[in-house]
Amino acid sequence: MQSRSWLYVMVATLCQFVLACTPAPERSRTPASLSATAAADGPLVVAFGDSLFAGYGLEPSQGFAPALERALAGQGVQARVINAGVSGDTTAAGLARLAFTLDGLPRKPDLVIVGLGANDMLRGLSPAETRTNLEAILAELDRREIPTALVTMTAAPNLGEDYARTFNPIYAELARLKGVRLYPFFLDGVASRPDRLLPDGMHPNARGIEDIAARFAPIVSRDLPPH
């Protein structure tokens, strides 16, 4: 799609910059927003991912989690969406902090949205490793009986056809194998619009996040239990 092509042309020239601007965090800590108390009378959603979920370069109120929470409220769904995104996270880093993140929640979530793999791809890590880590993440969530959705990622063309041929099917195959919902590419409809991106040309700005949240909210609401 045009938006993906535009994005990945930028990726080819900006990979080094992106890696530099999203350092791996300390693993002994959880994102600050996890300390917030979830609404007791509404669904609890966890956005578990990397800088795209974390709201890189934005104010805390402008990130994906609060924007999705507002978009769901606009549809009459009074959910609490917790930001469990950490900039720089690979799938291995996400797997390493998953149990700690889940154990720190006020209660079992009604939905965990997993958005990881972009940093694996940007660093040219083995797709087999990415798949193994994502499968382990989904297995742990299944073991805890937590409904899960997996957000699609696609390999940049500069990594070559062989890499893309192995990396791209991971998400649909794992969603089918594990019986979880497959969500669309996070930046669809935003990546081709400079007015929806930060100056780095990679991360969505506040307006871009609002567009993404508006697109995700109807999908997420269908996956939440009635309250």
Side-chain angles (χ1 to χ4, degrees), residues 1 3-4 7 31-86 101-102 104-116 118 137-138 141-142 144-154 171-172 175-176 178-193 195-198 203-227:
M1 358 183 24
S3 62
R4 294 189 189 184
L7 171 66
S33 60
L34 286 181
S35 62
T37 302
D41 57 348
L44 175 62
V45 180
V46 177
F48 186 81
D50 50 34
S51 59
L52 296 176
F53 279 16
Y56 172 79
L58 303 176
E59 295 296 323
S61 64
Q62 297 174 330
F64 176 62
L68 179 59
E69 189 173 301
R70 290 191 295 270
L72 288 169
Q75 297 189 345
V77 180
Q78 300 302 317
R80 171 64 176 161
V81 184
I82 289 180
N83 176 13
V86 176
T101 300
L102 296 174
L105 296 172
R107 60 180 170 86
K108 186 168 78 171
D110 296 287
L111 178 67
V112 172
I113 305 172
V114 178
L116 288 165
I137 288 170
L138 298 179
L141 290 164
D142 180 62
R144 294 177 182 238
E145 300 182 336
I146 299 174
T148 305
L150 183 62
V151 177
T152 304
M153 179 49 60
T154 305
Y171 295 84
R176 193 162 50 246
K178 295 298 184 181
V180 302
R181 177 84 73 182
L182 184 66
Y183 281 6
F185 181 60
F186 190 75
L187 293 173
D188 269 351
V190 171
S192 60
R193 299 188 59 178
D195 64 327
R196 294 297 192 268
L197 298 170
L198 293 176
H203 295 89
N205 61 22
R207 294 176 67 190
I209 287 290
E210 291 293 331
D211 288 352
I212 292 167
R215 181 165 55 88
F216 269 69
I219 309 171
V220 174
S221 65
R222 291 196 295 268
D223 290 336
L224 295 177
H227 279 72

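Worth saying up front: this structure is predicted, and the values here are computed from it rather than measured.
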*Exercise: identify the closest heavy-atom pair between Leu116 and Asp50*: CD2-N, 3.9 Å
*Do you know the tightest heavy-atom contact between Phe48 and Thr101?*
CE1-OG1, 3.9 Å
_Would the distance check show the side chain of Arg215 and the main-chain N or O of Asp188 forming a donor-acceptor pair, the cut-off being under 3.5 Å?_
yes
Distance-only donor-acceptor hits, side chain of residues 59-72, under 3.5 Å, sequence neighbours excluded:
{"unit_1": "Gln62", "atom_1": "OE1", "unit_2": "Glu59", "atom_2": "N", "d": "3.0"}
{"unit_1": "Glu69", "atom_1": "OE1", "unit_2": "Arg80", "atom_2": "NH1", "d": "3.3"}
{"unit_1": "Glu69", "atom_1": "OE1", "unit_2": "Val81", "atom_2": "N", "d": "2.9"}
{"unit_1": "Arg70", "atom_1": "NH1", "unit_2": "Ser61", "atom_2": "O", "d": "3.0"}
{"unit_1": "Arg70", "atom_1": "NH2", "unit_2": "Ser61", "atom_2": "O", "d": "3.3"}
{"unit_1": "Arg70", "atom_1": "NH2", "unit_2": "Glu210", "atom_2": "OE2", "d": "2.6"}

*Of all residues at least two apart in sequence or in a different chain, which pass the salt bridge (Lys or Arg N to Asp or Glu O under 4.0 Å) check with Arg181?*
Asp223
*For Lys178, check side-chain contact (heavy atoms from CB on, under 4.5 Å) against everything at least two apart and list the hits.*
Glu135, Leu138, Ala139, Val180
*Please report the closest heavy-atom contact between Ile209 and Pro204, naming both atoms and the distance.*
CD1-CG, 3.7 Å
*Closest approach of Met153 and Ala118, non-hydrogen atoms and distance?*
CE-CB, 3.7 Å
_Atom of Ile82, atom of Pro106 and distance for their closest heavy-atom approach_ = CD1-CD, 4.5 Å
*If only atom types and distance count, is the side chain of Asp110 paired as donor or acceptor with the main-chain N or O of Val45 below 3.5 Å?*
no
*Go through Thr148 and Asp142 one step at a time and tell me if the side chain to side chain contact (heavy atoms under 4.5 Å, CB included) criterion holds.*
CA-CA 8 Å; Thr148 305; Asp142 180 62; over 6 Å; no
_Which residues share a side-chain hydrogen bond (donor to acceptor under 3.5 Å, both in side chains) with Tyr171, sequence neighbours left out_ = none
*Side chain proximity check, Phe216 to Val151, heavy atoms < 4.5 angstrom*: yes
_Qualifying residues under side-chain hydrogen bond (donor to acceptor under 3.5 Å, both in side chains), relative to Arg207, sequence neighbours excluded_ = none
*State which residues pass side-chain contact (heavy atoms from CB on, under 4.5 Å) with Ile219; sequence neighbours excluded, sorted by chain then number.*
Tyr183, Pro184, Arg222
*Sub-4.5 Å side-chain heavy-atom contact between Leu102 and Leu141*: yes
_Nearest non-hydrogen partners of Gly57 and Leu198, listed with the distance_ = CA-CD1, 4.1 Å
_Quick one, Leu187 and Ile212 - any side-chain contact, counting heavy atoms below 4.5 Å?_
yes
